[in-house]
Structures are given as C-alpha cells and as structure tokens.
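Note sheet for the following structure.
By convention in this document, chain letters (A, B, ...) are assigned in the order of the sequence lines, proteins followed by strands, and residues within each chain are numbered from 1. Only this structure's heavy atoms are used, side chains among them; waters, hydrogens and symmetry mates stay out.
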Protein chains: 2
Amino acid sequence: MQIGELARTTSTKVETIRFYEKIGLLPKPSRTSGNYRDYGSDHLARLSFVRRARGLGFRLDQVRELLPLSDDQNRSCSAVDIVARAHLARIDQKIADLRVLRYELDELISHCRKGAISDCRIIEALGPPNEAGY
Amino acid sequence: MQIGELARTTSTKVETIRFYEKIGLLPKPSRTSGNYRDYGSDHLARLSFVRRARGLGFRLDQVRELLPLSDDQNRSCSAVDIVARAHLARIDQKIADLRVLRYELDELISHCRKGAISDCRIIEALGPPNEAGY
DNA sequence: ATGCAGTCTATAGCTGCTATAGGGTCAAGC
DNA sequence: GCTTGACCCTATAGCAGCTATAGACTGCAT
C-alpha cells in the first residue's frame, strides 16, 4: 500500500503522514525498488489510532503517551483513563471559557443594535480603559 | 512613555508590542535620543483596542478589519456588527463541536471504568476501522 | 516516446506569539 | 568617574501541527 492510498483510507493528507513519520509518530515503512514508501496493516492501525486521538482533540504529545498503552492491552486502562480524564477537564474548561466569551460578545452586539449609529458599543468597549469605562 | 510601561498598563509582553509593530498592527512610535520607542496616548488607545479584541477571541486579521472602523465613529456600527456577528457564529460552532467531543470522550471514559481491565474501551475505540467496529 | 498521476526530499510558510543572543542606554550609588 | 542593574535595542530561531512549494524521479498507459 503506498502513501496515497493510506492517506485516502485514513482521511489524512500525504504530507501529514510524512510529517508524522519525521517526528517519529509513525514507524518508517519499508521502501519499494523505486523508493516509494510501502505500508502494511500495522501502519494503517497506528495511523488510524493517531487520527482518532487527534480527532478527539488530544495533542501530539498526548497521542505519544497513549500509543505505547495501545500496545499492551493489559493493565493499560487506568493509565489511559488518567490521560483521558485530564483531557476531558481541559475540554470542559475550554467550553466554559468560550461561553463567557460568547456572552460578552452577545452583550456588545445587542447593545450595538439598540444604540444609535453614532455610538457603537462594540467600538466603545474596545477602547482604552481611561476613555471607555468598563 | 517607554515600551515597558505600555506593556504593563496593557498587560502585554514587550515582545508582543514589538511584534505588533512589525506586522503593522501598531504604528511605529517616535524614538528618543537613545533610540528607545516613545509612546503616546494614541498608541495606548490602539494597543488597548487590539488587546481587548484579541481577548474576545478575534484573530489578528479581524482586528485589522476592526481597527479602521474604530477610527471613524460614524457609520461604522453596522460594519462592526457584521464582523462581530460572524465571530459570534464561529464561537457558537466551536462550542457545539467541543460539546460533541466532550460527550464522546465521556462515553469512552465511563465505559472504560465499567469494563474489565483487559478490554479498555478507549484503546479499542482508537483502533483502526476494520478492527474495532464503530 | 510521451504524458500524466503519483511519489520523493528538502525547505519555507502559516498563526501569534515567545525566547534567545549579543549588544546599547540610563539613572543611581560608591 | 565608574560600575551595577534595570531597561531597551535588533535579529533570529523556536513552539504546535501541519501545509505548501520547488525540483526531481517513478510507474503506467497511450
């Protein structure tokens, strides 16, 4: 299986696969006589793992943490659980942050609509501390 | 006012201010005899604007869009409104995406807890499409 | 033989900073 | 007058996580 096919089956760009190889996230595959990368099912499995983990928002260093755990199926669950829970906490924090942001922005927009054209609340709120009180 | 003071009053790092200047987000200030940057209230106002907008999650190119609008107070509100609403929509989308993510991850974790040590659902779910059905 | 899709390496670019190296400036204290 | 220390200067490289480019080769069909 050459790189393009692997890319298609995992919805990954070719360059990304080569990038993962370069940073050691994917093992170097064997090469054909024409120096083309030749992948097997083990590469597919590993890349799928990486992509799924990335899709769940894990950062590359966390994926790196999870990878060896995926190898020995025994006793790994608790270790995985720790990483996953930490990640969940970060996601919750991010959601909370975005909600605050959303609220603030929504406030600004609704004031903008109500206000006269000449005094835009958004612009005002974005001004310096001493000019626009907030 | 030199750069350190401007940095402190706007909670910005000195390097960030110089960076903003380099990319043309802040106008070049005059220099003292010793080649130190010398800022005035206009710089303070503009940097405050940039930082507030960034704090609301606007990207730098959006801040660039908003900046000229902040200059002419008349007729700008609707233009600002458009940018702000687009930003709000993106935030909503991001929150929705994170919620889906959160749910998926939570599912995995709870199954992991319930399951036996040897079959970790998280690892399983991260496997390739043909090995772990999902 | 030629064309074209696919692959190769190496390198630079993206966003939004942050950090480093290696120097200059300025006010205070001895 | 000289040093110390805090501040400032420029230029450059680095971070994540890719993405894009240049310039060359391979492999298959016509």
Side-chain angles (χ1 to χ4, degrees), chain A residues 1-40 43 46-67 83 86-87 90-91 94 97 101, chain B residues 1-40 43 46-67 87 90-91 94 97 101:
Chain A
M1 184 193 226
Q2 59 189 47
I3 199 169
E5 192 184 343
L6 181 63
R8 277 189 300 278
T9 53
T10 56
S11 306
T12 310
K13 296 206 172 182
V14 167
E15 293 83 7
T16 305
I17 296 176
R18 289 197 277 247
F19 167 72
Y20 285 163
E21 180 185 325
K22 199 167 68 178
I23 64 170
L25 214 57
L26 285 181
K28 300 196 178 198
S30 53
R31 300 291 183 117
T32 66
S33 55
N35 200 31
Y36 282 17
R37 286 172 180 83
D38 186 26
Y39 295 100
H43 291 100
R46 179 156 275 220
L47 180 55
S48 299
F49 183 97
V50 171
R51 295 303 286 176
R52 292 269 298 151
R54 290 289 298 132
L56 285 171
F58 287 95
R59 272 176 283 142
L60 286 183
D61 51 1
Q62 295 165 339
V63 177
R64 234 186 267 272
E65 268 186 84
L66 289 171
L67 271 171
V83 177
H87 185 44
R90 269 195 310 278
I91 290 174
K94 208 174 267 182
D97 289 348
L101 205 65
Chain B
M1 184 193 224
Q2 59 189 46
I3 199 168
E5 192 185 344
L6 182 62
R8 277 188 299 279
T9 53
T10 57
S11 306
T12 310
K13 297 207 169 182
V14 167
E15 293 84 6
T16 305
I17 296 176
R18 288 199 277 248
F19 167 72
Y20 285 162
E21 180 185 325
K22 200 167 68 179
I23 63 171
L25 215 56
L26 285 181
K28 300 195 176 197
S30 52
R31 300 292 182 116
T32 66
S33 55
N35 200 30
Y36 282 18
R37 286 174 181 81
D38 187 25
Y39 295 100
H43 292 99
R46 179 155 275 221
L47 180 54
S48 300
F49 182 97
V50 171
R51 295 304 285 176
R52 291 268 300 151
R54 290 287 300 133
L56 285 171
F58 286 95
R59 271 176 285 142
L60 286 183
D61 51 1
Q62 295 164 340
V63 176
R64 233 185 267 272
E65 269 185 84
L66 288 171
L67 270 171
H87 185 45
R90 268 195 310 278
I91 290 174
K94 208 175 267 181
D97 289 349
L101 205 66

(request) Indicate the atoms forming the closest heavy-atom contact of A:Pro29 with A:Asp38, along with that distance. (result) CB-O, 3.5 Å

(request) Using whole Å, report how far CD of A:Gln2 lies from C1' of C:dA5. (result) 10 Å

(request) Write down the atom of A:Arg64, the atom of A:Ile23, and the distance for their closest heavy-atom approach. (result) NH1-O, 2.9 Å

(message) Would you say that A:Arg18 contacts A:Leu26 through its side chain, given a criterion of any heavy-atom pair below 4.5 Å between the two side chains?
(response) no

(message) Under a 3.5 Å threshold, yes or no: a donor from one side chain and an acceptor from the other, between A:Arg51 and A:Thr12?
(response) yes

(message) On DNA chain C, compare the nucleotides closest to B:Thr32 and B:Leu60; which residue's is nearer the 5' end?
(response) B:Leu60

(message) What is the distance, to the nearest angstrom, from the CD atom on B:Gln62 to the P atom on C:dG16?
(response) 8 Å

(message) Without decimals, in angstroms, what is the distance between B:Asn35 CG and C:dG22 C1'?
(response) 16 Å

(request) Using whole Å, report how far CD of B:Glu21 lies from C1' of D:dA11. (result) 14 Å

(message) Taking A:Val63's backbone N and O only, do any of them form a donor-acceptor pair with A:Arg59's side chain (distance below 3.5 Å, no angle check)?
(response) no

(request) Kindly say whether, by distance alone, the side chain of A:Tyr36 makes a donor-acceptor pair under 3.5 Å with the base of D:dG27? (result) no

(message) Among D:dC18, C:dT7, C:dC17, which nucleotide has an atom closest to any side-chain atom of A:Arg54?
(response) D:dC18

(message) Suppose we call a contact any N or O donor and acceptor under 3.5 Å apart; does that hold for the side chain of B:Tyr20 and the base of C:dG16?
(response) no

(request) Tell me yes or no: between the side chains of A:Arg46 and A:His43, is some donor less than 3.5 Å from an acceptor? (result) no

Using nucleotides 18-21 of chain C, report all nitrogen or oxygen pairs with the protein that are shorter than 3.5 Å.
{"residue": "C:dT18", "atom": "OP2", "partner": "B:Thr16", "partner atom": "OG1", "Å": "3.1"}

(request) Specify the separation, in whole Å, of atom CG of A:Leu25 and atom C1' of D:dC18. (result) 13 Å

(request) Calculate the interatomic distance between A:Ile3 atom CD1 and D:dT19 atom P; express it in whole Å. (result) 13 Å

(message) Whole angstroms only, please: what is the CD1-P distance between A:Ile17 and C:dT7?
(response) 9 Å

(request) Report yes if at least one side-chain N or O of B:Arg37 is closer than 4.0 Å to OP1 or OP2 of D:dC8; otherwise report no. (result) no

(message) Please evaluate residues B:Arg37 and B:Gln2 with respect to the criterion side-chain contact (heavy atoms from CB on, under 4.5 Å), reporting the C-alpha separation (whole Å), side-chain torsions for both, the decisive distance (0.1 Å), and the verdict.
(response) CA-CA 6 Å; B:Arg37 286 174 181 81; B:Gln2 59 189 46; over 6 Å; no

(request) Take the protein atom CZ of A:Arg31 and the nucleotide atom C1' of D:dC25, then report the distance between them rounded to whole Å. (result) 13 Å

